[in-house]
Amino acid sequence: MVVYLVGAGPGDPELITLKAVNALKKADVVVYDRLANEEILKHAEGAEFIYVGKKAGEHYKSQEEINQILVDEGKKHDVVVRLKGGDPFVFGRGGEEMLALLEEGIGVEFVPGVTSAIGVPTSAGLPVTHRGVATSFTIVTGHEDPTKSKKQVKWNFNADTIIILMGIGMLEENVKEIMKYKDPKTPVCVIEKGTLSDQRIITGTLEDITQNNIKPPALVIVGHVVDVFKKARS
Ligand SMILES: C[S@@+](CC[C@H](N)C(=O)[O-])C[C@H]1O[C@@H](n2cnc3c(N)ncnc32)[C@H](O)[C@@H]1O
């Protein structure tokens, strides 16, 4: 009775680790969500699959329901794989799942994944650090839990590169906040559906990036590393 919390990588099914493939091969059950590419499931031949992501027009599972499914399946089977997009501990709520399982005495193993925060820009040829340009980066959510009593995200980051996940719904508000601290002409790159065949890349600046019809899932990268990316492509 062990549950593997496994990162599925950012989208391209080849961007999964060997360790993740080995965990899938021995899985009795795979519990997966929307951002885990379904092609990866082929590695878990013979396993039972439980989808817990969002589906248009259907109720989707709350985190509490997902925790309960993991606990129930963990008690019933030898090997359960919880497959999550990117890395399970980067805005993946993997920590909550880990704690829920441990509380019930179920063993947990961890398999890191290529997080979209870095894997998506790297796959596109956008370095998140660059000598003389950026010595630090911050990864931040663009959509803080609205039920929180106090906002934790302050946009006055010192990092040279800001990488925003879940940042499309609130892009206008987020960009306005960043412009309080950074030049409105600071370059921005948005990568939609990174690493997938229908990937779309949009570049602009803080003051004009919202004028594009951007659709999630997408990543927003703010900083002069975007100039390095543009130079490489010119
Ligand atoms: C709930 S977070 C999960 C992040 C995940 N755990 C990771 O490490 O990549 C989902 C956000 O990740 C980003 N994301 C995930 N996959 C992406 C992709 N293929 N292209 C662009 N952004 C992606 C988007 O910002 C999306 O809103």
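Order of listing sets the numbers, starting from 1, for every ligand and every atom in it. Values below: all heavy atoms of this structure, side chains included; hydrogens, waters and symmetry mates excluded. Quick note: residue numbers are just sequence positions, from 1.
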Self-check item: N/O donor-acceptor pair under 3.5 Å between Thr138 side chain and Ile162 backbone
Solution: no
Exercise. Could you please provide the protein residues found below 4.0 Å of ligand 1 on a heavy-atom basis, arranged by chain and number?
Key: Pro10, Leu35, Gly85, Gly86, Asp87, Val90, Phe91, Thr115, Ser116, Val120, Leu165, Met166, Ile191, Lys193, Gly194, Pro217, Ala218, Leu219
Self-check item: Contact check, side chains of Val2 and Asp78, non-hydrogen atoms, under 4.5 Å
Solution: no
Self-check item: With Thr141 via side chain to side chain donor-acceptor pair (under 3.5 Å) - residues at least two apart
Solution: none
Self-check item: Which residues share a salt bridge (charged side-chain N to carboxylate O under 4.0 Å, His left out) with Lys180, sequence neighbours left out
Solution: Glu177
Practice problem: Step by step, work out the side-chain hydrogen bond (donor to acceptor under 3.5 Å, both in side chains) result for Asp183 and Thr186. | Solution: CA-CA 5 Å; Asp183 182 347; Thr186 305; 5.1 Å; no
Quiz item: Any ring pair (Phe, Tyr, Trp, His ring centres under 6.0 Å) pairs touching residues 134-174, not counting sequence neighbours?
Solution: Trp155-Phe157
